[in-house]
Amino acid sequence: MSGWAHHDGLAVGLARENIDTDQLIPARFMSAPRNAGYGRFLLHDLRGEPGFALDDPAAKGASVLVARRNFGGGSSREAAVYALVDAGFRAVIAPSFGDIFAGNAVNNGLLPARVTTGAAEALLACLPAALAIDLAAQTIALGDLTLSFDIDPIWKTKLLNGWDDIDLTASYRAEIAGYAKARRGAAPWVWPNETRGDPAPTTGSDQ
Amino acid sequence: MKSLFDKLWDDHVITRRDDGAALLWVDRHYVHEGSHHAFARLAERGLPVAQPALTVGVADHYVPTRRDGGAVDADIARMIDTLTRNAGRHDLRFFGLGDRRQGIVHVMGPEQGLTLPGMLVVCGDSHTSTHGGLGAYGFGIGATEVAHVLATQTIWQKKPRRLRLSFTGRAAPGVGAKDMALHWISVLGADGARGHAVEYAGEAVRALSVEGRLTLCNLSIEGGARCGMVAPDAVTLDWLRGRSFAPTGDAFDRAAETWLALASDTGAVFDREERVDMADVAPIVTWGTSPEDAAPITATVPDPARAPKAQAPRIAEALDYMGLRAGQPLTSVAVDQVFIGSCTNGRIEDLRAAAAVLAGRRAKVPGLVSPGSTLIKAQAEAEGLDRVFLDAGLEWVEAGCSMCVGMNGDLVAPGKRCASSTNRNFRGRQGPGARTHLMSPAMVAAAAVTGHLADVRPLLEGRT
Ligand code: SF4
């Protein structure tokens, strides 16, 4: 994954709350291999609904999505991010995000930009339209309108640099080995050893 | 003065970065069929699994729940096969089809004693928060992170804020862990605990069995929390003693001492405190398309015209999808079918609670009962619960995720309404166009025997 600092693109609005990951990609599409391309599954079951924003020809080629609160809540399926990225999106702007979704987004170079509810509504009122995102300055510019957004500093650095965590972590090999040894001494039960036959499923009382 | 979460966190920090991220050690990593993306990444890079002994494979999301020789969909068979091969290739402990211990990962892991108090547990599944019911730090991760954990047995995290959610008073009859969870989510919202590690505390939480605590922690993610947890106590120890992968004899006692010391210190500081009075918690059902759309069964369907302006469009949209009328009593909503199961409510106590309502009664609508694990299935059959379900006219099937997410083909048809003991009423969750109402297993049983959303309390009179 390569890092990025600026993005200019067409933004489209999806004026809904709680767009969960089951809506972003229905479960039945998740068995496809990654290289099959996930873009066509994005918001699959909302397509064709009257007035659905992404069906609008004016939204063609959009790379920024603006939505209402709690975008990407629900399941941990990274496929929800694959669907957005493969459909050409680089950023989602909303007042709040599901935590796991936002982490997955960053791991795929997709910016989850948190704005106030007022800012989201101001943007939604003038979409679709071209806008510019400055990741380093944490600003969104649309015409005369300039808004700032929030992003966890750790995620920001990662998006800017396009880090690969596995490589980064490899540089801590000695610390990890040291910890593992200590953990084994302090909590030997973490390394499982089957001790006996099947237990009864419960000893709890009726509730 | 540390909280339970502070202790779990500190115990797992390997190193800290200047930007505030910490590298944490993972004690237990569960993988399931959905982990195929992560295994593919590992293969791309030619990396081995760092700690196969700490990695456990389970087939659950795609497993057929009707295994009576019928042909299995090729796509589904391939998903299970891929997991089986990946587990074999990397020498992982694996609970596949045909294993007596197979089950939903968040049910079978604790049941086997593979999850223990004080552990850091991850899985590529958001309901990994369930494991907090035993006093573990469990959270769901995405595929990139699964690959990272496979390759390094570690994960980078930023420390979440600490939220203590205290339930004061005792649960009234007919009210359980599911109602407690849906209640707080309806009050604080589906993103109400976003960015927080939740510690459930208070008299009503202490009074819960481990099964109830697992249910409560399972639903943490539906309130947006990163994880949820209950401090280990004597109830936890009693439940764990004798489990296959738990320590034995003196080793158990030594471990138990460590586990009991995890409880929050008196005077521990929390970033946020919330309180729920159990007097306010009634049997609850959801009416909309988010778990926050929940109300006591005695209430009516909300009216967008009377809702705060910001919420009105969402409520109207949800009612439209759900096919409900504003202002209609929730008990007037007829259901087409019922489902009992999932990692939220597929444990033995859940089955007992449903059976207590169903015994001697007939369901007016069809339904599926899928235990959370194959061992629970055997236990239920030993107790005769299967007869109760079958005599009531419900189907008794094998263990798996089943109709919670429909990946194995157990779907709710478009436009059909299902009373469900699961955790997500999202649009299309149980199948395209499906309408899901979440509730406790006892409430699902009440819906089954009445044919509509119903208050379980009168049906329990003279029974418990
Ligand atoms: S039962 Fe449902 S929520 Fe639980 S792990 Fe399976 S699909 Fe996920």
Side-chain angles (χ1 to χ4, degrees), chain A residues 15-18 20 22-23 26-28 30-31 33-34 45 68-70 73-79 81 96 98-100 103-104 107-108 117 152-154 157 165-166 169-170 172 175-176 179-180 183 187-207, chain B residues 14-15 19-21 23 25 27 34 37 53 75 79 100 111 114 116 119 124-126 140-144 148 151-152 154 156 158 176 190-191 194-195 209-212 224 226 238-239 242-245 247-248 255 290 314 348-349 352-353 375-376 379 405-407 424 426-429 432:
Chain A
R16 296 179 188 229
E17 297 179 10
N18 295 333
D20 54 69
D22 276 82
Q23 289 178 72
R28 61 187 185 280
M30 283 163 29
S31 59
R34 180 72 179 87
D45 292 348
R68 295 201 165 117
R69 69 175 256 270
N70 201 27
S75 106
S76 63
R77 58 184 73 166
E78 196 157 308
V81 172
S96 64
D99 277 331
I100 308 179
N104 290 341
N107 281 328
N108 289 274
T117 307
D152 184 294
I154 298 170
T157 319
D165 276 349
I166 293 182
T169 306
Y172 294 95
E175 286 93 332
I176 296 170
Y179 178 95
R183 184 73 178 149
W189 54 84
V190 167
W191 277 258
N193 234 331
E194 190 161 14
T195 50
R196 67 184 73 71
D198 296 328
T202 184
T203 53
S205 58
D206 278 336
Q207 259 284 347
Chain B
I14 298 168
T15 188
D19 62 4
L23 186 65
W25 173 259
D27 293 315
H37 288 297
D75 228 28
M79 289 299 282
R100 298 166 57 217
E111 177 175 277
L114 281 164
L116 294 166
M119 279 186 176
D125 187 282
S126 56
I141 56 179
T144 302
H148 185 274
T152 67
T154 64
W156 290 101
K158 182 186 169 169
D191 56 354
R194 190 178 52 79
S209 65
V210 168
E211 279 83 355
R226 203 68 185 88
D238 284 347
W239 193 88
R243 306 249 158 213
S244 293
F245 294 95
T248 52
S290 161
R314 205 184 72 71
I348 190 73
E349 285 189 358
R352 288 180 189 148
L375 276 179
I376 289 172
Q379 167 91 14
V405 67
M407 286 176 173
R424 286 190 174 138
F426 297 163
R427 282 165 161 256
R429 169 77 175 183

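A, B, ... follow the sequence lines: proteins, then strands. Residue 1 opens every chain.
- If you measure heavy-atom distances from A:R34 to chain B, the contacts under 4.5 Å come from both the backbone and the side chain.
- Not counting sequence neighbours, the partners of A:S96 by the side chain to side chain donor-acceptor pair (under 3.5 Å) test are B:D191.
- Heavy atoms of B:T152 lying under 4.5 Å from chain A belong to its backbone as well as its side chain.
- At a threshold of 4.5 Å between non-hydrogen side-chain atoms, the residues B:F426 and A:N18 do not count as touching.
- A:D99 places a side-chain N or O within donor-acceptor distance of the main-chain N or O of B:G195, the cut-off being under 3.5 Å.
- Contacts between B:L23 and chain A at a heavy-atom distance below 4.5 Å involve the side chain alone, from C-beta outward.
- Rounding to the nearest 0.5 Å gives a distance of 4.5 Å between CD1 of A:I154 and CG of B:D19.
- For the 3.5 Å distance criterion, the side chains of A:S76 and B:D125 fail to qualify, holding no donor opposite an acceptor.
- B:H148 touches chain A through backbone and side chain together, each having a heavy atom under 4.5 Å away.
- When the candidates A:R28, A:R69, A:E175, A:M30 are compared by the number of heavy-atom contacts under 4.5 Å with chain B, A:R69 comes out ahead.
- When heavy atoms are compared at a cutoff of 4.5 Å, B:V210 does not approach chain A at all.
- By the 30° and 60° cut-offs, the orientation of the rings of A:Y172 relative to B:W156 is perpendicular.
- Taking the side chain as every heavy atom from C-beta outward, A:V81 and B:T144 never approach each other to under 4.5 Å.
- Contact of B:R424 with chain A is made through the side chain alone, with heavy-atom distances under 4.5 Å.
- For chain B, the option among A:D45, A:N104, A:N108 with the highest count of heavy-atom pairs below 4.5 Å is A:N104.
- Annotation: side chain to side chain donor-acceptor pair (under 3.5 Å) contacts of A:S75 (sequence neighbours excluded): A:T21, A:R77.
- Contact of A:P192 with chain B is made through backbone and side chain together, with heavy-atom distances under 4.5 Å.
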